[in-house]
Amino acid sequence: MGHAFQFTRADAIARHRRLAGNDVFFLTGTDEYGSKMFKTAKEKNIEPQALADENAKKFRELNELLNISFDDFIRTSDEKRHWPGAQLIWKKINEKEDLYKKKYSGYYCSGCEAYVLENELTDGKCVYHNQKPEFVEEENYFFKLSKYADKLMELIEKNEIEIIPESRKKEILNFAKQGLKDVSFSRPKNVLPWGISVPNDEKHVMYVWCDALANYISALGYGSDDLEKFNKYWPADVHIIGKDNLRFHALYWPAMLLSASLPLPKQIYVHGFIISEGKKMSKTIGNIVDPKEITEKYGADALRYYLLKEIPATEDGDFTVKHFEEVYNADLANGLGNTVARVISMAEKYFKNEIAVAVIDKKWKEIINVSRECVDYAMKDYNTPQALVGIWHILRKIDEEIDRTKPWEMTKTDINSVGAHLFDWLNALRDIGYLLRPFLPEIAEKIIEQLGFDEKKGFGAKKGKILFPRI
RNA sequence: CGCGGGGUAGAGCAAUUGGCAGCUCGUCGGGCUCAUAACCCGAAGGUUGCCGGUUCGAGUCCGGCCCCCGCAACCA
């Protein structure tokens with residue numbers, strides 16, 4: 001569900017920008033190396049590559065399920081597309097003499113299959129496995145992150161790399177202020193064979209973050225002969241990441257780019273996590289909800305709506321089936337779906353579907369303008385909940401005016417006025433359709449189709465299938 | 001006394017520079033019959049975590065206390 005959330009957010013942002021006339025390159029992909037993958041594959045008794053293939057397939061399916069309009073999908077285990085870029089940036093960093101070999105030592109817990117920090121130990125034992133970790137030394141390449149500390153802080157401070165929201169910016173600046181240590185950039189191949197080979201050193205593979213972050217440019221052709229996309233689309237306008245990835249995107253990645261003399265991303269949008277009943281979704285608690293189940297039952301746009309509207313822009317948000325169904329009924333079935341049906345049904349009943357072009361009431365122009373501005377304003381900060389609230393405002397106004405003007409009575413005395421109102425309402429619905437395109441792409445098209453607008457003839461509105469059946 | 005965010009109606013959240021404490025859902029009452037028993041209007045529901053201070057006036061500013069969450073570098 002966490003991935004569904006992130007993809008949907010990114011997709012709404014990409015679609016919104018495209019509709020604003022921008023040439024968007026929306027990249028997604030999977031990060032497949034690292035000791036975690038290696039370990040999981042071992043547990044499952046399969047090759048790491050097979051596990052990576054499995055995961056990549058799931059990601060693609062999820063993308064499809066939710067109508068994610070990505071332009072490219074990159075896999076870090078793709079030796080043809082990703083490796084050359086990752087290795088080239090390594091070489092550039094190495095040429096700057098920002099890499100050096102050093103022994104890394106630490107306490108390694110075989111239970112965790114990871115290094116544990118001394119302050120995580122009680123009585124010298126690992127808390128989780130109740131055993132004494134081994135003291136291990138291995139030789140790593142280190143990246144001179146410390147060299148770039150001041151520059152990074154300045155860039156973030158001055159919003160040359162803008163971190164949204166502000167609180168995350170403070171968090172990372174605070175962290176950086178304590179001083180940045182150099183970081184491991186490789187692991188010995190004999191310890192971890194699953195990774196990208198370090199150029200000119202067969203004994204090492206690249207540390208995951210070094211390799212994974214490079215996906216943003218490798219996907220654009222960096223490291224290949226064809227730099228057209230790279231020249232056109234890099235630097236990225238925005239990286240969309242979870243709060244757990246902040247450090248890597250706000251510090252490591254820009255430092256790598258600085259070292260390699262490449263342009264820096266302009267923005268980093270940090271979102272929260274999906275939780276369930278206030279807790280992290282986990283198999284042991286049993287509060288995992290599968291996005292597939294939801295979309296099969298209620299449709300992709302229903303899930304998209306929930307993820308875009310109910311999960312805050314920058315905080316953690318809750319997903320429960322109960323709340324999902326409440327929102328579905330209130331906003332989608334009773335709200336959007338019903339109002340569309342309500343207006344079209346009147347057009348059918350009173351005007352045999354045909355509503356001729358009329359002059360739009362000033363009041364309605366105003367209402368729609370306010371909503372459109374609200375959407376654009378909200379999307380500047382990637383605030384999809386606020387954007388959707390802005391669109392729903394129009395729906396409320398339509399319902400309100402229908403109740404006030406009582407067309408079912410007016411039709412007996414003043415059929416022309418009913419026609420004029422219907423034109424306003426149908427027109428408002430058409431605008432809702434356009435405004436909804438980035439958020440609920442399928443439903444938006446269905447609405448527009450049902451309205452059957454023609455510049456000359458006006459509306460030939462026809463009721464279609466119920467958009468959101470009540471639960 | 002590590003740094004940061006937060007505590008507001010049953011639930012989830014909002015309140016420029018201090019200026020009538022609001023929104024959505026839920027609950028209750030009324031209206032309507034065009035619509036997916038949908039929609040509209042109205043009502044109830046608050047000691048704004050606690051104590052003190054500044055002020056004509058504090059959710060907002062100041063001091064103290066309680067509670068929750070995030071961060072505190074090699075899992076990514």
Side-chain angles (χ1 to χ4, degrees), chain A residues 31-40 104 106 112-117 119 138 140 142-143 145-146 165-187 207-213 241-249 251-252 270 272-273 275 278 309-312 314-318 320 322-323 326-327 329-350 385-386 389 392-393 395-396 398-411 418 421-422 425 463 465-471:
Chain A
D31 162 15
E32 307 181 311
Y33 290 122
S35 56
K36 208 175 195 171
M37 282 290 280
F38 188 65
K39 185 183 151 193
T40 311
Y104 178 78
C112 301
E113 291 197 43
Y115 285 95
V116 283
L117 294 175
N119 60 15
E138 63 178 50
N140 289 357
F142 273 72
F143 172 57
L145 183 64
S146 58
E166 192 77 20
S167 54
R168 295 290 168 201
K169 173 179 167 180
K170 273 187 195 158
E171 182 183 310
I172 201 73
L173 280 175
N174 239 314
F175 172 76
K177 226 181 283 169
Q178 298 163 26
L180 297 180
K181 289 182 197 162
D182 294 345
V183 286
S184 295
F185 247 37
S186 75
R187 301 289 309 272
Y207 219 114
V208 249
W209 44 62
C210 165
D211 121 56
L213 289 162
I241 61 164
K243 60 186 181 182
D244 54 336
N245 262 316
L246 177 60
R247 185 167 308 152
F248 305 99
H249 284 77
L251 301 174
Y252 292 18
V270 188
F273 291 151
I275 53 178
K309 163 81 190 334
E310 292 299 308
I311 311 297
T314 59
E315 305 292 321
D316 292 351
D318 218 80
T320 60
K322 184 171 170 276
H323 191 217
E326 280 169 8
V327 171
N329 270 337
D331 291 3
L332 297 176
N334 299 350
L336 182 60
N338 180 59
T339 306
V340 170
R342 193 182 189 189
V343 173
I344 293 180
S345 148
M346 283 191 277
E348 282 191 6
K349 201 167 276 190
Y350 305 143
Q386 203 193 320
V389 167
W392 255 250
H393 179 72
L395 283 173
R396 177 154 293 221
I398 296 173
D399 276 325
E400 206 177 87
E401 196 171 78
I402 294 172
D403 276 273
R404 204 181 55 242
T405 54
K406 301 186 179 24
W408 52 92
E409 282 177 14
M410 201 196 276
T411 187
V418 177
H421 280 307
L422 271 172
W425 301 330
K463 244 180 161 176
K465 232 177 106 188
I466 285 182
L467 296 175
F468 298 102
R470 271 182 65 85
I471 301 169

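Every chain is numbered from 1, with letters handed out A, B, ... down the list of sequences. Small disclaimer: the values here were computed from a predicted structure and weren't measured.
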List in chain and number order the residues that pass side-chain contact (heavy atoms from CB on, under 4.5 Å) with A:Lys322, two or more places apart in sequence or in another chain; answer none if no residue qualifies. A:Thr320, A:Glu326
Answer yes or no: does a side-chain N or O of A:Arg187 lie under 4.0 Å from OP1 or OP2 of B:C74? no
Any N/O pairs under 3.5 Å between the protein and nucleotides 3-13 of chain B? List them or say none.
{"residue": "B:C3", "atom": "O2'", "partner": "A:Asn174", "partner atom": "OD1", "Å": "3.0"}
{"residue": "B:C3", "atom": "O2'", "partner": "A:Asn174", "partner atom": "ND2", "Å": "2.0"}

NA contact type, A:Gly179, heavy-atom cut-off 4.0 Å: base, sugar-phosphate, or nothing? base
In whole angstroms, the gap separating P of B:U24 from NZ of A:Lys309 amounts to 10 Å
Are A:Tyr207 and B:A76 close enough that a side-chain N or O sits under 4.0 Å from OP1 or OP2? yes
Rounded to whole Å, the CG-C1' distance (A:Asn245 to B:A73) equals 14 Å
Going by the angle between their ring planes, with limits at 30° and 60°, are A:Tyr252 and A:Phe248 parallel, tilted or perpendicular? perpendicular
From the set B:C74, B:A76, B:C40, return the single nucleotide nearest to any side-chain atom of A:Ser184. B:C74
Separation of A:Asn329 CG from A:Phe468 CZ (nearest 0.5 Å): 11.5 Å
Tabulate atom names and distances for all N/O pairs under 3.5 angstrom spanning the protein and nucleotides 32-37 of chain B.
{"residue": "B:C34", "atom": "O4'", "partner": "A:Tyr350", "partner atom": "OH", "Å": "3.2"}
{"residue": "B:C34", "atom": "O3'", "partner": "A:Lys349", "partner atom": "NZ", "Å": "3.2"}
{"residue": "B:C34", "atom": "O2'", "partner": "A:Ser345", "partner atom": "OG", "Å": "3.1"}
{"residue": "B:C34", "atom": "O2", "partner": "A:Arg342", "partner atom": "NE", "Å": "2.9"}
{"residue": "B:C34", "atom": "N3", "partner": "A:Arg342", "partner atom": "NE", "Å": "3.1"}
{"residue": "B:C34", "atom": "N3", "partner": "A:Arg342", "partner atom": "NH2", "Å": "2.7"}
{"residue": "B:C34", "atom": "N4", "partner": "A:Arg342", "partner atom": "NH2", "Å": "3.1"}
{"residue": "B:A35", "atom": "OP1", "partner": "A:Lys349", "partner atom": "NZ", "Å": "2.9"}
{"residue": "B:A35", "atom": "O2'", "partner": "A:Asn338", "partner atom": "OD1", "Å": "2.5"}
{"residue": "B:A35", "atom": "N1", "partner": "A:Arg342", "partner atom": "NH2", "Å": "3.3"}
{"residue": "B:A35", "atom": "N3", "partner": "A:Arg342", "partner atom": "NE", "Å": "3.0"}
{"residue": "B:U36", "atom": "OP1", "partner": "A:Lys463", "partner atom": "NZ", "Å": "3.1"}
{"residue": "B:U36", "atom": "O2", "partner": "A:Phe468", "partner atom": "O", "Å": "3.3"}
{"residue": "B:U36", "atom": "O2", "partner": "A:Arg470", "partner atom": "N", "Å": "3.4"}
{"residue": "B:U36", "atom": "N3", "partner": "A:Phe468", "partner atom": "O", "Å": "2.8"}
{"residue": "B:U36", "atom": "O4", "partner": "A:Gly337", "partner atom": "O", "Å": "3.1"}
{"residue": "B:U36", "atom": "O4", "partner": "A:Asn338", "partner atom": "N", "Å": "3.4"}

Roughly how far apart, to the nearest Å, are B:G6 and B:G10 at atom P? 22 Å
For A:Trp392 and B:C39, what is the distance between atoms CH2 and C1' respectively, to the nearest whole Å? 16 Å
Holding to side-chain hydrogen bond (donor to acceptor under 3.5 Å, both in side chains), I want the full list of residues that pass it with A:Asn245, two or more places apart in sequence or in another chain. none
Regarding A:Leu180, tell me which of base, sugar-phosphate or nothing describes its non-hydrogen contacts under 4.0 Å with the strands shown. base
For RNA chain B, produce a single dot-bracket line, 5' to 3'. Pairs: Watson-Crick or G-U wobble, both distances under 3.5 Å. Symbols: ( ) within strand, [ ] crossing, | other strand, . unpaired. .((((((..((((.....[..)))).(((((.......))))).....(((((..]....))))))))))).....
Mind calculating the distance between CD1 (A:Ile398) and P (B:C40) to the nearest angstrom? 11 Å
Does A:Trp392 form a side chain to side chain contact (heavy atoms under 4.5 Å, CB included) with A:Val389? I'd like the steps, not just the answer. CA-CA 5 Å; A:Trp392 255 250; A:Val389 167; 5.8 Å; no
Taking the same atom, C1', in B:G26 and in B:G12, what whole-Å distance lies between them? 11 Å
Would you kindly give the CZ-to-C1' distance between A:Arg404 and B:C41, to the nearest whole Å? 12 Å
Please give, in whole Å, the distance from B:U24 P to A:Leu395 CG? 14 Å
Using atom NZ of A:Lys36 as one end and atom P of B:C74 as the other, report the distance to the nearest whole Å. 14 Å
Mind checking the NE2-CD1 spacing from A:His421 to A:Ile398? Nearest 0.5 Å is all I need. 13.0 Å
Base, sugar-phosphate, or nothing: which does A:Asp211 touch, judged by heavy atoms less than 4.0 Å apart? nothing
Round to a whole Å and report the spacing from CE of A:Met37 to P of B:A76. 13 Å
Per the side-chain hydrogen bond (donor to acceptor under 3.5 Å, both in side chains) rule, what does the pair list look like for residues 402-411 of chain A, sequence neighbours excluded? A:Arg342-A:Asp403
P-based separation of B:A15 from B:A76 [nearest Å]: 38 Å
